[in-house]
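By convention here, the first residue in the shown sequence is residue 1.
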Amino acid sequence: MTKIAIFGANGRMGRVLIEATELDEEVTLSGASVRADSKWVGFDVGELAGIGARGIKVAASLDATVDNIDVIIDFTLPAALEANLNWCIEHEKPVVIGTTGLNDSEKQLLNNAAQHIPIVFAANYSVGVNLMLSLVRQTAKVMGESADIEIIEAHHRFKKDAPSGTAVAIGEAIADELGRDLNACAVYGREGDTGERQQSTIGFATVRGGDVVGDHTALFADIGERVEITHKASSRLTFAKGAVKAAKWLKSKPAGLYSMEDVLGFN
């Protein structure tokens with residue numbers, strides 16, 4: 001049995017993670033934290049997630065339950081990353097991180113922390129999305145030198161970062177396969193007289209609206225044919241179940257930075 005605790009339990013993903021731990025017979029939820037000024041401090045985790053009382057109180061810190069935790073899951077905001085990593089290092093706890101919108105310095109924090117504790121970091125914990133990453137690499141290898149490559153993503157109106165972490169991960173997978181630097185070849189939106197498209201670029205288009213959970217398409221458009229690889233998520237529970245799967249896998253691993261593709265055995 002893997003004992004899991006959650007940082008940011010009151011967030012959209014935090015609440016679904018509580019539900020996911022309830023559905024998995026191989027794990028148990030042993031703690032959940034929120035900001036100290038949150039109105040949810042002291043509430044039952046089940047009431048927070050809308051699944052009925054579970055006998056575990058939401059806390060402002062996981063310090064009191066540290067000895068009853070095997071793995072942490074963190075889907076909070078980038079601003080909380082450093083403090084959360086420091087807590088995990090101090091208490092020698094593995095952590096599964098699904099925070100998106102990280103900049104280069106925040107990604108370096110992950111690399112530094114991974115020298116001390118095991119970390120799984122992924123832009124998306126869906127099994128289907130990680131299969132998609134494998135497929136886009138294969139397609140880039142075959143078509144990437146001649147096709148124009150565009151990545152189109154759509155999310156709900158409340159998402160704060162763009163393009164999505166998953167879209168960037170798709171772009172990075174393609175660029176890596178083609179030996180390109182995504183920072184140099186990415187085009188984020190077009191307007192006005194942009195001139196003819198340069199084949200070496202990788203374009204990104206972002207849609208925000210309604211309650212779209214997450215749609216991603218990698219388009220390889222050549223003269224006379226095109227290949228489109230699409231993944232559509234209909235429930236956040238898909239991501240939460242993947243994160244719980246990663247937590248179970250990470251429990252016994254040595255310090256290091258791992259991906260969801262490692263968890264699924266794709267690497």
**Q** If the condition is ring pair (Phe, Tyr, Trp, His ring centres under 6.0 Å), which residues does Phe239 pass it with, not counting sequence neighbours?
**A**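 Checked Phe239 against ring pair (Phe, Tyr, Trp, His ring centres under 6.0 Å); zero matches.
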
**Q** Taking Met1's backbone N and O only, do any of them form a donor-acceptor pair with Lys251's side chain (distance below 3.5 Å, no angle check)?
**A**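 Confirmed, Lys251 side chain pairs with Met1 backbone.
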
**Q** If the condition is ring pair (Phe, Tyr, Trp, His ring centres under 6.0 Å), which residues does Tyr258 pass it with, not counting sequence neighbours?
**A**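 Once residues adjacent in sequence are excluded, the partners of Tyr258 under the ring pair (Phe, Tyr, Trp, His ring centres under 6.0 Å) criterion are Trp249.
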
**Q** In residues 7-18, what donor-acceptor pairs under 3.5 Å come from side-chain atoms, sequence neighbours left out?
**A**
from, atom 1, to, atom 2, distance (Å)
Arg15, NE, Asn10, O, 2.9
Arg15, NH1, Leu48, O, 3.4
Arg15, NH2, Asn10, O, 3.3

**Q** Could you list the residues that satisfy side chain to side chain donor-acceptor pair (under 3.5 Å) with Asn103, not counting sequence neighbours?
**A**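 Ser105.
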
**Q** Under 3.5 Å, which donor-acceptor pairs link side chains of residues 171-181 to any protein atom two or more places apart or in another chain?
**A**
from, atom 1, to, atom 2, distance (Å)
Arg180, NH1, Ser200, O, 3.0
Arg180, NH2, Gly144, O, 3.2
Asp181, OD1, Asn183, N, 3.0

**Q** Test of understanding: with salt bridge (Lys or Arg N to Asp or Glu O under 4.0 Å), list the residues that count as partners of Asp24, not counting sequence neighbours.
**A** Lys248

**Q** For the CD atom on Gln198, are there more than 12 heavy atoms of other groups (residues, nucleotides or ligands in this structure) within a distance under 6.0 Å?
**A**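 No, CD of Gln198 has 12 or fewer neighbouring heavy atoms, counting only those of other groups under 6.0 Å.
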
**Q** Check whether Asp262 reaches the backbone of Ser259 with its side chain - one donor and one acceptor, N or O, closer than 3.5 Å.
**A**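 Pair found, side chain donor or acceptor close to backbone of Ser259.
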
**Q** By side chain to side chain donor-acceptor pair (under 3.5 Å), which residues pair with Thr100, not counting sequence neighbours?
**A**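 Expected list: Asp161.
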
**Q** Using the side chain to side chain donor-acceptor pair (under 3.5 Å) rule, collect all pairs that involve residues 111-120, keeping only residues at least two apart or in two chains.
**A** Gln108-Asn112

**Q** Mind checking what makes side chain to side chain donor-acceptor pair (under 3.5 Å) contact with Thr230, not counting sequence neighbours?
**A** Thr217

**Q** Please table the atom pairs, donor to acceptor, closer than 3.5 Å between any side-chain atom in residues 32-39 and protein atoms at least two apart or in another chain.
**A**
from, atom 1, to, atom 2, distance (Å)
Arg35, NE, Asp37, OD1, 3.3
Ser38, OG, Trp40, N, 3.1

**Q** Would you say Glu92 has more than 12 foreign heavy atoms packed within less than 6.0 Å of its CD?
**A**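 No - once you tally the heavy atoms of other residues, nucleotides and ligands closer than 6.0 Å, there are 12 at most.
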
**Q** Applying side chain to side chain donor-acceptor pair (under 3.5 Å), can you list everything that pairs with Glu150, at least two apart in sequence or on another chain?
**A** Arg190, Arg197

**Q** Could you tell me if Asp222 and Ser146 have a donor-acceptor pair between their side chains, going purely by distance under 3.5 Å?
**A** yes

**Q** Show me the pairs that pass side chain to side chain donor-acceptor pair (under 3.5 Å) and involve residues 69-88, at least two apart or across chains.
**A** Asp63-Trp87, Asp74-Thr76, Asp74-Asn84, Thr76-Asn84, Trp87-His91

